[in-house]
There are 4 protein chains.
Amino acid sequence: MTDRQDRPLRADAARNRARLLAAATEVFTTRGTAVPTEEIARAAGVGVGTLFRHFPTKEALLQAVMVGRLEEVAARVAELAAGQDPADAFFGCFRLVVESSVGKGEFTRALAEAGVDAHAALHGPSEAIRGGLTALLESAQRAGAVRPGLAVPELIALLVAAGAAVERLGTDAEARDRVLTVITDGLRPR
Amino acid sequence: MTDRQDRPLRADAARNRARLLAAATEVFTTRGTAVPTEEIARAAGVGVGTLFRHFPTKEALLQAVMVGRLEEVAARVAELAAGQDPADAFFGCFRLVVESSVGKGEFTRALAEAGVDAHAALHGPSEAIRGGLTALLESAQRAGAVRPGLAVPELIALLVAAGAAVERLGTDAEARDRVLTVITDGLRPR
Amino acid sequence: MTDRQDRPLRADAARNRARLLAAATEVFTTRGTAVPTEEIARAAGVGVGTLFRHFPTKEALLQAVMVGRLEEVAARVAELAAGQDPADAFFGCFRLVVESSVGKGEFTRALAEAGVDAHAALHGPSEAIRGGLTALLESAQRAGAVRPGLAVPELIALLVAAGAAVERLGTDAEARDRVLTVITDGLRPR
Amino acid sequence: MTDRQDRPLRADAARNRARLLAAATEVFTTRGTAVPTEEIARAAGVGVGTLFRHFPTKEALLQAVMVGRLEEVAARVAELAAGQDPADAFFGCFRLVVESSVGKGEFTRALAEAGVDAHAALHGPSEAIRGGLTALLESAQRAGAVRPGLAVPELIALLVAAGAAVERLGTDAEARDRVLTVITDGLRPR
DNA sequence: CATGAATGAGTATTCATTCAT
DNA sequence: GATGAATGAATACTCATTCAT
């Protein structure tokens with residue numbers, strides 16, 4: 001299911017692919033999507049040709065980047081969901097997802113689309129995240145730690161929101177904390 | 001700099017400027033900033049040349065659009081600030097600003113920058129909004145309706161956040177309301 | 001019917017369009033279709049942007065060139081068809097069309113397609129040529145100057161053929177004449 | 001140049017070479033010269049690297065294809081030249097060469113160049129064809145079956161011409177026959 | 001002043017050819 | 001020898017901005 005059907009990929013090819021992905025992630029998230037492909041290739045230390053061999057389209061590269069990020073988040077959500085206390089799990093996860101999207105610019109958009117699945121490629125990871133969040137949310141609600149009536153779409157919207165807010169505040173850790181506290185307190189009953 | 005450079009502007013010139021602004025607002029907010037200038041000109045019923053006579057740069061046009069929006073918001077904030085009950089004024093304003101940024105896409109970004117003033121041109125209106133918000137926030141805090149310790153930057157971050165969240169939820173008015181409630185409840189003390 | 005609906009076209013624009021067409025005709029026919037658009041623009045003394053403003057696609061430019069050539073030929077065919085002696089008209093036309101396609105490379109292909117109408121844009125001129133040739137052929141056949149049983153498609157094939165042959169022989173005028181004589185003699189009865 | 005550079009070629013290498021030639025012939029004649037080398041390699045079931053080991057250049061591959069075709073034709077011409085009746089031999093050969101170039105596209109161009117020898121590599125087979133045609137033509141002229149005054153270059157031009165014409169007419173066998181008759185009749189004296 | 005034609009730097013993508021595996 | 005990944009020059013086309021009409 002996770003196993004790549006498409007040939008094991010030669011050692012150097014795999015390394016280039018990884019470099020490309022890393023460079024693209026870095027570049028896209030710090031400087032936006034408008035950066036020329038050539039620059040991404042240079043940042044990865046390969047030629048443009050190589051970039052296009054691995055990702056047939058700039059768009060495809062962008063998607064690959066998003067998938068990577070979403071998978072990371074999904075993994076962490078799953079991990080936390082496995083923890084004991086429902087409340088801790090839920091709020092820990094909330095903060096974690098938000099923090100992990102800081103400085104990610106376009107990424108937030110992708111997370112947002114986890115609720116919509118704009119691109120087919122994002123389907124898998126989105127599904128995983130949605131699943132994980134659903135579990136966390138419901139058990140936290142059952143435990144009385146989160147106000148009832150909220151569903152996953154709203155939760156995702158709030159994650160996006162918090163991400164945007166936190167990103168706004170840049171390096172001021174205290175302000176970020178205050179903002180997160182406002183939102184998480186708002187999630188609690190009453 | 002002292003010389004009133006900007007002559008009263010001939011009637012038709014003023015009308016073209018207005019049309020351009022309207023068209024640009026419409027186009028930028030619905031289709032993003034990537035739309036070619038030519039298309040904006042066409043939407044306004046003028047030639048590109050005219051567009052560039054009124055706004056020396058695409059960027060300048062974008063800024064003018066943002067300024068317009070910010071001024072609108074500033075006006076409404078001021079209006080509400082004049083109302084009686086501090087709590088009502090504050091929360092009413094919060095919801096109003098958020099709702100007014102729905103479907104505005106790039107606009108939220110500009111509002112966000114009211115806290116930073118990336119572009120000099122936005123300074124005036126930003127200042128106005130910031131002033132209004134400061135007044136509202138402080139009196140609401142004095143009235144015990146909003147938790148202390150929060151300052152304007154965090155408030156703006158939360159406005160941006162709420163805007164993003166609300167935009168995410170699209171037409172589902174109930175979900176939008178639940179999300180706003182989470183945030184406004186979180187703003188209250190305790 | 002011939003009248004351009006699309007605005008009279010400003011003087012300089014018209015001149016550039018003409019230059020572009022001339023340059024493209026020259027370049028395409030002497031060096032093939034693979035020549036970069038940029039070079040054509042340079043040859044015409046304009047920027048690439050101008051080229052693409054007038055012809056949205058390289059393909060479109062090529063078509064315009066072909067249309068131009070076909071129209072020329074159509075005009076001459078019509079002219080000759082108006083002459084007196086059917087035999088003279090027919091054979092004169094044959095030689096004329098052949099000679100006019102010498103060194104035209106891709107052009108022959110277009111003429112060939114007058115029988116097929118690959119591109120809609122070529123339809124008009126193709127039709128005109130086909131019409132003219134039909135008239136010439138039929139009256140020459142009625143006059144007993146051309147063997148019966150031949151129809152326009154075969155005639156076009158023979159024109160293409162003769163064009164290819166003549167082009168092959170390059171500058172040797174005598175050889176060209178011998179080849180044309182073989183074909184025109186072959187067209188006569190018996 | 002004296003040293004037999006080309007070792008006997010290992011069995012599998014020879015097979016790959018043959019496959020490449022076959023695939024290239026097929027691909028070039030049906031889809032033109034613009035097809036990427038990679039696709040040809042794939043069609044031959046080998047990697048690009050192998051293609052370039054056997055043919056240092058795409059151009060070289062194309063030439064090899066043409067040489068192959070020309071050799072075929074040369075062989076058939078020689079065969080026919082050995083037949084009895086000069087007239088039958090000549091006209092049979094004419095039709096044969098023409099028919100053999102149908103649907104060959106670029107091939108005709110190569111045949112055409114047999115009269116010019118643009119590429120050194122084509123020299124050998126071209127020479128063979130030219131030799132055969134010369135013999136056929138001269139004996140047919142001596143037998144009074146072909147008009148005097150025609151030389152091999154014109155004959156080749158006519159072959160090319162007929163090839164082009166016949167190709168134009170596609171599947172309509174009757175039209176093709178009429179066109180060939182026009183040309184062969186034209187070749188006869190008077 | 002308005003217009004829209006001209007400009008050309010900028011960008012994604014392809015493809016012949018080389019070279020590490 | 002065979003493979004296919006890497007390379008980067010080359011190319012069609014776009015779009016902000018300028019300027020002749």
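First the proteins, then the strands, lettered A, B, ... as listed; each starts at 1. Keep in mind that the numbers below use all heavy atoms, side chains included, and drop hydrogens, waters and symmetry copies.
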Quiz prompt | Under 4.0 angstrom between C/N16 side-chain N/O and E/dA5 OP1 or OP2 | solution = no

Exercise. Examine E/dC1: is either OP1 or OP2 under 4.0 Å from a nitrogen or oxygen in the side chain of B/H54? Give yes or no.
Key: no

Side chains of residues 37-44 of chain C: which donor-acceptor pairs under 3.5 Å do they make with residues two or more places apart or in other chains?
| from | atom 1 | to | atom 2 | distance (Å) |
| --- | --- | --- | --- | --- |
| C/E39 | OE2 | C/R31 | NH1 | 2.9 |
| C/E39 | OE2 | C/R31 | NH2 | 2.8 |

Quiz item: Side chains of D/F52 and D/T57: does their closest heavy-atom pair fall under 4.5 Å?
Solution: no

Practice problem: Starting from C1' on E/dA12, measure out to CZ on A/R53 and report it in whole angstrom. | Solution: 18 Å

Exercise. Using atom CZ of A/R42 as one end and atom C1' of F/dA9 as the other, report the distance to the nearest whole Å.
Key: 15 Å

Exercise. Find out whether A/F28 and A/M66 are in side-chain contact, i.e. whether some heavy atom of one side chain is under 4.5 Å from a heavy atom of the other.
Key: no

Quiz prompt | From A/R19 atom CZ to A/L51 atom CG, the distance as rounded to the nearest 0.5 Å | solution = 13.5 Å

Practice problem: May I have the distance from B/I40 (atom CD1) to E/dT3 (atom P), rounded to whole angstrom? | Solution: 16 Å

Quiz item: To the nearest Å, how far apart are B/L61 CG and F/dT17 C1'?
Solution: 14 Å

Exercise. Find the distance between CZ (D/R69) and OG1 (D/T29) and round it off to the nearest 0.5 Å.
Key: 5.5 Å

Exercise. Specify the separation, in whole Å, of atom CZ of C/F55 and atom C1' of F/dT14.
Key: 18 Å

Quiz item: Taking CZ from A/R31 and P from E/dT11, how many angstroms apart are they, rounded to a whole number?
Solution: 11 Å

N/O to N/O distances under 3.5 Å, protein versus nucleotides 11-13 of chain F:
| from | atom 1 | to | atom 2 | distance (Å) |
| --- | --- | --- | --- | --- |
| F/dA12 | OP1 | C/K58 | NZ | 2.8 |
| F/dA12 | OP2 | C/T37 | N | 3.0 |
| F/dA12 | OP2 | C/T37 | OG1 | 3.0 |
| F/dC13 | OP2 | C/K58 | N | 3.0 |

Self-check item: Of D/T50 and C/D12, the one whose closest DNA chain F nucleotide lies more 5'
Solution: D/T50

Practice problem: Take atom CZ of C/R15 and atom C1' of F/dA20, then tell me their distance rounded to the nearest Å. | Solution: 11 Å

Quiz item: Which residue, C/G45 or B/G47, contacts DNA chain E at a nucleotide closer to its 5' end, judged by nearest heavy atom?
Solution: B/G47

Quiz item: Rounded to the nearest 0.5 Å, how far does NZ of D/K58 lie from CD of D/Q63?
Solution: 14.0 Å

Quiz item: Mind pulling the stems DNA chain E is in, i.e. runs of at least three Watson-Crick or G-U pairs, everything under 3.5 Å?
Solution: E:2-21 with F:2-21

Practice problem: Specify the separation, in whole Å, of atom CZ of C/R17 and atom C1' of E/dG4. | Solution: 16 Å

Quiz item: If you round to the nearest 0.5 Å, how far is CG of B/L20 from CZ of B/R15?
Solution: 11.0 Å

Quiz item: For the atom pair CG (B/D12) and CZ (B/R17), what is the distance rounded to the nearest 0.5 Å?
Solution: 14.0 Å

Self-check item: Positive for side-chain contact (heavy atoms from CB on, under 4.5 Å) with A/L62, one of A/T25, A/T33, A/V67
Solution: A/T33

